[in-house]
Amino acid sequence: MRALEHEFAEELVVIGVHSAKFTAEGRSHNLRAAIQRLEIQHPVVNDHDHWVWDQYAVRAWPTLMFVDPRGRVFAKHEGEFELDPMRAVLADFIAELDRQGMIDRRPLDLEPLPPGGDTLRFPGKVLADAGNDRLFIADSGHNRIVVADLDGHVTMTIGDGERGFADGPAARARFNHPQGLALDPAGGTLFVADERNHAIRAIDLTSGAVTTLAGTGEQGFERRGGPGREVSLSSPWDLALLDARLWIAMAGTHQIWTLDLSTGRVDVTAGTGAESIHDGPLREATFAQPSGLSAEGGILYVADSESSAIRSVDPARDRVRRLVGRGLFDFGDVDGAAGQARLQHPLGVEATTEAGAPLVYIADTYNDKIKRLDPDSRQVTSWAGGETGHEDGDLASARFREPSGLSLAGTRLYVADTNNHVVRRIDVDTGTVSTVRLEGI
């Protein structure tokens with residue numbers, strides 16, 4: 001859509017109608033933040049009660065309604081679309097309306113929302129490296145990676161801050177809203193899910209140089225693998241290392257892919273590509289916009305955001321299992337056993353072992369909470385946060401705003417508190433929350 005707005009800037013007027021699925025998405029302050037985060041330049045209607053949706057008989061997200069200058073609907077498209085065919089259709093529409101003398105190319109006086117943020121802008125994911133006293137931050141809105149120590153003293157920034165797709169030295173490399181991060185076992189290479197470039201990047205942490213491992217820079221719709229640099233990916237959102245492979249939450253195709261770091265090949269490893277929540281063998285299971293990954297004890301844990309679910313992937317047993325979640329429209333904010341527990345669009349997970357048993361921390365994004373899940377009993381418990389806000393203190397009084405990424409360093413859990421534009425730190429032993437103050441940036 002952004003490409004079409006740019007190409008047909010004098011002829012095409014886009015008006016977004018936001019008919020929310022999730023409760024949190026219908027709140028105007030959350031919608032405002034989403035518009036800023038996505039850098040949307042056109043007007044957006046908050047259709048929280050689906051009045052516009054019903055008036056236009058909409059049935060699916062997304063739906064495009066084409067309206068001529070007289071206000072008449074003359075075409076409709078349901079679902080995602082590829083750019084070139086839509087470009088050709090629009091060019092034909094515009095040519096026909098021009099022949100009728102109906103196109104008015106005078107510019108509209110529109111003032112976009114300010115970008116938001118300050119030191120950080122909508123940070124998406126974090127990665128804490130306790131052994132080397134390092135904190136990596138995907139400063140998504142600034143299109144860069146920030147490297148600091150665990151107390152917030154910045155040692156390096158990677159990326160020049162401009163949106164783009166360029167390899168090279170740290171000061172000249174470019175990203176486009178990077179998200180997930182993973183560190184190689186030796187600690188010398190940082191892997192980055194460069195979400196809007198639809199690519200997997202690698203950073204040499206000694207030199208800061210950036211290279212591309214997979215992706216072409218263009219969004220792909222194929223659901224098959226091949227040599228990494230020749231395959232177009234689709235919105236890779238998070239990364240995790242497991243079994244000497246880099247696992248990729250491929251949100252755009254509702255799948256889990258892997259990158260073989262020894263051969264450079266990417267392949268679909270789990271998920272058919274259908275958007276749903278079916279368990280079973282890896283290649284037969286379905287996911288719904290997987291957006292968070294964490295590996296522990298040979299198991300990959302997945303934040304499956306559109307189904308408000310947490311899934312487990314067991315490669316050794318060729319098995320995908322839901323731990324929490326029921327369906328695409330089953331969500332809420334309810335603690336308890338798996339059958340009754342509800343999440344709302346979780347984007348992050350962090351798995352660990354506590355007292356000899358597995359434990360998963362969940363960034364329950366749209367509930368503005370951090371929760372904990374016992375994978376064995378499948379019990380979910382609210383742990384930190386509640387109401388929307390930015391408040392430090394004890395776990396009960398702390399406030400977050402759409403936390404999206406988690407990473408544990410010893411007994412300190414780091415949180416990418418996305419809509420507050422900060423990184424938070426939770427001391428697990430004392431149960432206190434503080435804001436990491438970045439210095440030297």
### Message
Before you tell me yes or no, could you show the steps for L190 and I145 under side-chain contact (heavy atoms from CB on, under 4.5 Å), namely the whole-Å CA-CA distance, both residues' side-chain angles and the distance that decides it to 0.1 Å?
### Response
CA-CA 10 Å; L190 182 72; I145 306 300; 3.9 Å; yes
Using a 3.5 Å distance criterion without hydrogens, assess whether the side chain of [X] forms a donor-acceptor pair with backbone atoms of [Y].
X	Y	result
D314	D318	no
S291	L347	no
D304	S307	no
N420	G389	yes
N367	G332	yes
N197	G164	yes
N143	H177	yes
D194	N176	yes
R378	L323	yes
W237	Q179	no

### Message
Classify the ring geometry of F122 against H421: parallel below 30°, tilted from 30° to 60°, perpendicular beyond 60°.
### Response
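F122 vs H421 ring planes: perpendicular.
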### Message
Once you measure the plane-to-plane angle for H345 and Y366, does it fall in the parallel (<30°), tilted (30-60°) or perpendicular (>60°) bin?
### Response
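The rings of H345 and Y366 lie parallel, inter-plane angle below 30°.
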Are a donor atom and an acceptor atom from the side chains of [X] and [Y] found within less than 3.5 Å of each other?
X	Y	value
W53	Q55	no
S28	N46	yes
T212	D167	yes
D335	S382	yes
T388	R401	no
T216	E218	no
T365	S404	no
D374	Q379	no
S234	Q219	yes
T286	T272	no

For the student: nearest non-hydrogen atoms of [X] and [Y], plus distance:
X	Y	answer
A91	F8	N-CZ, 4.1 Å
G217	F165	CA-CE2, 3.4 Å
D417	R399	OD2-O, 4.3 Å
A199	L233	CA-CD1, 4.2 Å
A182	L246	CB-CD1, 3.9 Å

May I ask you to test the [X]-[Y] pair for a side-chain heavy-atom distance under 4.5 Å?
X	Y	answer
L373	Y361	no
F400	V433	yes
R342	S308	no
S312	L300	no

### Task
Report the C-alpha distance between L261 and L241 in whole Å, list the side-chain angles of each, state the deciding distance to 0.1 Å, and finish with yes or no for side-chain contact (heavy atoms from CB on, under 4.5 Å).
CA-CA 10 Å; L261 296 172; L241 278 167; 3.9 Å; yes
Gap between atom [atom2] of [Y] and atom [atom1] of [X] - 0.5 Å precision:
X	Y	atom1	atom2	result
R317	I299	CZ	CD1	6.5 Å
M250	Q289	CE	CD	13.5 Å
L359	E350	CG	CD	10.0 Å
T253	E275	OG1	CD	11.0 Å
L406	I370	CG	CD1	5.0 Å
L64	K76	CG	NZ	11.0 Å

Are there over 12 heavy-atom neighbours, none belonging to [X], within less than 6.0 Å of that residue's [atom1]?
X	atom1	value
R224	CZ	no
E78	CD	yes
R70	CZ	yes
H50	NE2	yes
W51	CH2	no
F81	CZ	yes

### Query
Does the cation-pi check pass for R163 over F175, that is, NZ or CZ under 6.0 Å from the six-membered ring centre and within 45° of its axis?
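Negative - R163 is either too far from the ring of F175 or too far off its axis.
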### Query
Taking the six-membered ring of F191, is NZ or CZ of R201 closer than 6.0 Å to its centre and within 45° of its axis?
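Not satisfied by the 6.0 Å and 45° rule.
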N-O pairing of [X] and [Y] below 4.0 Å:
X	Y	value
E306	K21	yes
D160	R174	yes
D364	K371	yes
D139	K125	no
R2	E5	no
R37	E39	no

### Query
Hey, mind stepping through D49 and D47 against side-chain contact (heavy atoms from CB on, under 4.5 Å) and telling me if it holds?
CA-CA 6 Å; D49 58 0; D47 185 33; 3.6 Å; yes
### Task
Scan residues 288-331 for pairs that pass ring pair (Phe, Tyr, Trp, His ring centres under 6.0 Å), counting only residues two or more places apart or in two chains.
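Every pair satisfying ring pair (Phe, Tyr, Trp, His ring centres under 6.0 Å) with a residue in residues 288-331: F22-F331.
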### Message
D267 vs R245, test: salt bridge (charged side-chain N to carboxylate O under 4.0 Å, His left out). Steps then yes/no.
### Response
CA-CA 11 Å; D267 283 293; R245 291 182 290 175; over 6 Å; no
### Message
Applying salt bridge (charged side-chain N to carboxylate O under 4.0 Å, His left out) as the test, list every pair that has at least one member in residues 320-332; sequence neighbours left out.
### Response
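Non-adjacent pairs meeting salt bridge (charged side-chain N to carboxylate O under 4.0 Å, His left out): D279-R322.
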### Message
Going by the rule salt bridge (Lys or Arg N to Asp or Glu O under 4.0 Å), which residues pair with E111 if we only count those two or more places apart in sequence or in a different chain?
### Response
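E111: no salt bridge (Lys or Arg N to Asp or Glu O under 4.0 Å) contacts found.
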#### Entry: Residues T435, H390; criterion side chain to side chain donor-acceptor pair (under 3.5 Å); working and verdict
CA-CA 9 Å; T435 299; H390 183 184; 3.0 Å; yes
